[in-house]
Enquirer: 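This structure is in structure tokens; I'll ask about it shortly.
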Amino acid sequence: MKTTSFMGNLLSALKNARRWRQNQLTKFHSKTLHAGKPPESNDFYSAFSIHTRLLKSSLLTHTTATNHLINRYAKLQEIEHARRLFDELPEPNVVSWTSLMAGYIGVGRPEVALWLYGRMRRSAVLPNEFALTTVANACSVLADLRVGRGIHAHVEVFGLRGNVVVCSSLVDMYGKCNEVDEARRVFDSMSNKNIVSWTSMITAYAQSGKGKEALHLFWEFDYSRFGFPNHFMLASVVNACSSSGSLVSGRIAHGAVIRYGYDTNDVIASALMDMYAKCGYFNYCEKVFRRIENPSVVPYTSMIVGAAKYGLGMLSLELLEEMIDRGVKPNDVTFLGIPHACSHSGLVDDDLAILESMDKKYGIIPDARHYTCVVDMLGRIGRLDKAYELAKSIQVRPEEGALLWGTLLSASRLHGQVEIATEASNWLIKSNQQLSGFAEFSA
DNA sequence: ATAGGGTTAG
């Protein structure tokens with residue numbers, strides 16, 4: 001009897017102590033996190049100062065307090081700091097895990113997020129709608145259908161199929177994995193939809209080349225229920241028009257863009273430019289571009305690519321110089337367009353020079369996609385030996401290999417280079433075997 | 001406290 005009451009007292013004392021501590025923490029936070037000066041409140045030093053103060057008050061083992069900090073570092077892309085804090089936590093909760101996973105996705109390492117999710121599942125922490133949305137997002141980025149299906153199953157298991165955000169991210173995930181029908185099934189099963197769900201589905205169609213279906217869905221979209229289309233939706237609709245190659249619907253979409261006042265939006269303008277270029281109207285493409293006051297890297301890239309399509313390689317290179325002069329930094333996609341520009345205009349030496357300086361001058365490390373573009377370029381002009389040499393010189397993942405060797409194969413077929421074609425198809429088979437091998441292994 | 005949609009290559 002005595003023992004039990006003693007234990008009971010001890011327990012309530014502990015509970016009180018915890019409540020007290022929680023109160024202190026809340027006060028501490030309203031002081032440190034919300035009273036700070038807004039302009040500085042989001043930078044590294046403010047995070048660092050909170051970090052220092054938590055360290056001094058030895059609260060770094062406290063989950064809720066540390067979560068704020070993990071989240072902050074994650075948002076600042078300071079993933080190592082976030083990770084270290086997480087590792088020190090004796091009892092990470094679902095918020096800690098989610099923040100860290102989102103942080104890894106943010107720095108372009110979604111595979112780590114998936115790995116963390118696996119670890120979380122093996123711990124006692126149960127996923128919630130935030131965690132599942134975040135991992136679904138990681139699967140989208142990686143186009144990992146196998147894990148994605150598993151996440152979908154977890155959504156069902158944890159009774160979250162009624163959550164709009166979770167389901168929209170599933171639609172997006174299936175779309176990015178090229179499983180449009182599956183995406184549609186999830187979309188149709190949703191009882192609550194909003195503009196994001198609709199956009200995800202339209203995007204899923206547009207990105208898998210089903211422009212017609214995308215447009216059809218857009219016409220079904222009910223403005224009176226969900227509000228007017230926003231720039232996300234319109235960008236996707238314009239993209240759908242370029243993938244269906246229909247100038248008529250493209251012009252209608254352009255009309256809608258103007259009507260809703262988004263014609264100065266960078267991203268939408270780029271989509272419009274791409275649409276006109278693909279439909280054979282480079283004049284319109286250029287017109288849209290010249291209407292943008294301060295084009296960012298995206299419309300510049302669209303313009304470079306558009307010019308390249310029409311054999312205006314010199315113009316592409318001039319645009320590259322122009323953007324650099326204006327202080328707009330080219331990115332990895334820009335440099336995917338450059339080989340394309342050169343292969344259509346006999347400017348190969350320029351191109352190789354630019355690719356060599358990609359890293360040195362612009363700090364962009366060429367990856368498999370860039371090499372594939374150069375291989376494509378060399379292939380087009382018939383320099384297949386050089387292309388083969390280049391293809392062999394790099395390490396690629398199986399899916400990248402399939403693309404790389406497929407490119408070389410079609411180029412060597414085009415030029416009747418039997419030996420290189422044979423080599424390329426051997427490599428292609430190898431890549432495909434690796435791909436299906438992974439599939440079997442994971443099934 | 002933590003979560004979702006758009007563009008630019010082939």
Side-chain angles (χ1 to χ4, degrees), chain A residues 25-26 29 33 63-72 74-75 92-103 105 127-138 140 160 163-173 175-176 193-204 206-207 229-240 242 257 262 265-275 277 289 295-306 308-309 330-341 343 369-370 372-377 379-380 403-404 406-407 410:
Chain A
L25 276 171
T26 317
H29 277 112
L33 289 177
T63 308
T64 311
T66 309
N67 281 350
H68 283 288
L69 203 47
I70 292 178
N71 197 24
R72 246 191 213 220
K75 292 237 159 79
N93 64 9
V94 66
V95 179
S96 332
W97 286 100
T98 306
S99 300
L100 192 64
M101 290 192 293
I105 297 173
N128 63 3
E129 61 271 39
F130 291 86
L132 284 169
T133 306
T134 306
V135 262
N137 193 329
S140 296
L160 294 167
N163 184 297
V164 207
V165 180
V166 173
C167 290
S168 301
S169 67
L170 285 181
V171 170
D172 176 62
M173 182 272 293
K176 298 269 158 48
K193 294 191 186 83
N194 60 16
I195 192 164
V196 180
S197 335
W198 282 81
T199 304
S200 302
M201 194 60 231
I202 291 174
T203 307
Q207 285 173 344
N230 56 19
H231 61 289
F232 289 104
M233 186 174 267
L234 288 169
S236 203
V237 169
V238 173
N239 187 25
S242 32
V257 166
Y262 290 111
N265 178 297
D266 252 25
V267 171
I268 297 190
S270 308
L272 282 169
M273 289 162 62
D274 183 54
M275 186 268 296
F289 178 69
S296 71
V297 58
V298 180
Y300 260 114
T301 303
S302 297
M303 192 60 201
I304 287 170
V305 172
K309 271 201 186 87
N331 66 11
D332 54 334
V333 184
T334 314
F335 283 102
L336 290 176
I338 296 296
H340 195 203
S343 68
R369 297 169 308 163
H370 298 102
T372 305
C373 285
V374 181
V375 166
D376 181 53
M377 172 204 77
R380 267 175 215 275
L403 208 62
L404 176 67
T407 300
S410 53

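It should be emphasised that the depicted structure is a prediction, and the values quoted were computed from it without experimental measurement. In what follows, every chain begins at residue 1, and chains take the letters A, B, ... in the order their sequences are listed.
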Enquirer: Counting side-chain heavy atoms from CB outward, which of dG6(B), dT2(B), dT8(B) is closest to Thr301(A)?
Expert: dT8(B)
Enquirer: Could you tell me how the ring of Phe289(A) sits relative to the ring of Tyr300(A): parallel (under 30°), tilted (30 to 60°) or perpendicular (over 60°)?
Expert: perpendicular
Enquirer: Can you check whether Phe232(A)'s main-chain N or O pairs, donor with acceptor, with Ser236(A)'s side chain at less than 3.5 Å?
Expert: no
Enquirer: Could you state the CE-C1' distance from Met303(A) to dT7(B), rounded to the nearest angstrom?
Expert: 16 Å
Enquirer: Out of dG6(B), dT8(B), dA3(B), which nucleotide sits closest to the side chain of Thr133(A)?
Expert: dA3(B)
Enquirer: Rounded to the nearest 0.5 Å, how far does CD1 of Ile268(A) lie from CE of Met275(A)?
Expert: 11.5 Å
Enquirer: Taking atom P of dA9(B) as reference, at what distance in whole Å does atom NE2 of His370(A) sit?
Expert: 12 Å
Enquirer: So does Ser168(A) reach the base of dG4(B) with its side chain, donor to acceptor, closer than 3.5 Å?
Expert: yes
Enquirer: Quick one: which of dA9(B), dG4(B), dG6(B) gets closest to the side chain of Lys309(A)?
Expert: dA9(B)
Enquirer: Check the distance between dT8(B)'s P and Arg369(A)'s CZ and give it to me in whole angstrom.
Expert: 13 Å
Enquirer: Students often get this wrong, so: under 4.0 angstrom with heavy atoms, is Asn137(A) touching a base, only sugar-phosphate, or nothing?
Expert: sugar-phosphate
Enquirer: Could you check whether the side chain of Asn93(A) and the base of dA1(B) have a donor-acceptor pair of N or O atoms closer than 3.5 Å, going by distance alone?
Expert: yes
Enquirer: Quick one: does any side-chain atom of Asp274(A) pair with a main-chain N or O of Ala277(A) as donor and acceptor, under 3.5 Å?
Expert: no
Enquirer: Measuring to OP1 and OP2 of dG5(B), would you say a side-chain N or O of Gln207(A) lies under 4.0 angstrom away?
Expert: no
Enquirer: Looking across every strand, which nucleic acid part, if any, lies under 4.0 Å from Val305(A) by heavy atom: base, sugar-phosphate, or nothing?
Expert: sugar-phosphate
Enquirer: Rounded off to whole Å, could you give me the CD1-to-C1' distance for the Ile268(A) and dG5(B) pair?
Expert: 13 Å
Enquirer: Can you check the Leu170(A) CG to dG5(B) P distance for me, whole Å?
Expert: 12 Å
Enquirer: For Leu234(A), report the nucleic acid contact type (base, sugar-phosphate, nothing); a contact means any heavy atom under 4.0 Å.
Expert: nothing
Enquirer: dT2(B), dA9(B), dG4(B): which one has an atom nearest the side-chain heavy atoms of Ser197(A)?
Expert: dG4(B)
Enquirer: How many whole angstroms separate atom CZ of Arg380(A) from atom P of dA9(B)?
Expert: 13 Å
Enquirer: Report yes if at least one side-chain N or O of Lys193(A) is closer than 4.0 Å to OP1 or OP2 of dG5(B); otherwise report no.
Expert: no
Enquirer: Return the nearest nucleotide to the side chain of Thr203(A); candidates are dT2(B), dG5(B), dT8(B).
Expert: dG5(B)
Enquirer: Could you please name the option among dT7(B), dA9(B), dT2(B) that lies closest to any side-chain atom of Val298(A)?
Expert: dT7(B)
Enquirer: Would you indicate, yes or no, if dT2(B) has its OP1 or OP2 atom less than 4.0 angstrom from a side-chain nitrogen or oxygen of Asn67(A)?
Expert: no
Enquirer: So which nucleotide from dT2(B), dG4(B), dG6(B) ends up closest to the side chain of His231(A)?
Expert: dG6(B)
Enquirer: Quick one: Tyr262(A) OH to dG5(B) C1', roughly how many Å, whole number?
Expert: 13 Å
Enquirer: Closest heavy-atom contact between Tyr262(A) and Leu234(A)?
Expert: CD1-CD1, 3.4 Å
Enquirer: Where the side chain of Ser200(A) is defined as all heavy atoms beyond and including C-beta, which of dG5(B), dG4(B), dA9(B) is the nearest nucleotide?
Expert: dG5(B)
Enquirer: Look at the side chain of Val333(A) and decide which nucleotide, out of dA1(B), dT8(B), dG5(B), has an atom nearest to it.
Expert: dT8(B)
Enquirer: Heavy atoms only, 4.0 Å cut-off, all strands: where does Leu132(A) land among base, sugar-phosphate and nothing?
Expert: nothing
Enquirer: Checking all strands, does Val164(A) fall into the base, sugar-phosphate, or nothing category for heavy-atom contacts under 4.0 angstrom?
Expert: base
Enquirer: Between dG4(B) and Asn194(A), counting only base atoms on the nucleotide and side-chain atoms on the residue, is there a donor-acceptor pair under 3.5 Å?
Expert: yes
Enquirer: Taking only the side-chain nitrogens and oxygens of Asn163(A), find out if one of them lies under 4.0 Å from OP1 or OP2 of dG4(B).
Expert: no
Enquirer: Could you tell me whether the side chain of Asn239(A) and the main chain of Ala206(A) form a donor-acceptor pair under 3.5 Å?
Expert: no
Enquirer: Take atom CG of Asn239(A) and atom C1' of dG5(B), then tell me their distance rounded to the nearest Å.
Expert: 13 Å
Enquirer: Which part of the nucleic acid, if any, lies within contact of Asp266(A), taking any heavy atom under 4.0 Å across all strands shown: a base, the sugar-phosphate backbone alone, or nothing?
Expert: nothing
Enquirer: Check for me: is Phe232(A) stacked on dG6(B) by the 5.5 Å centroid and 30° plane-angle rule?
Expert: no
Enquirer: Just by distance, with hydrogens left out, do Asn93(A) and Thr63(A) show a side-chain donor and acceptor under 3.5 Å apart?
Expert: no
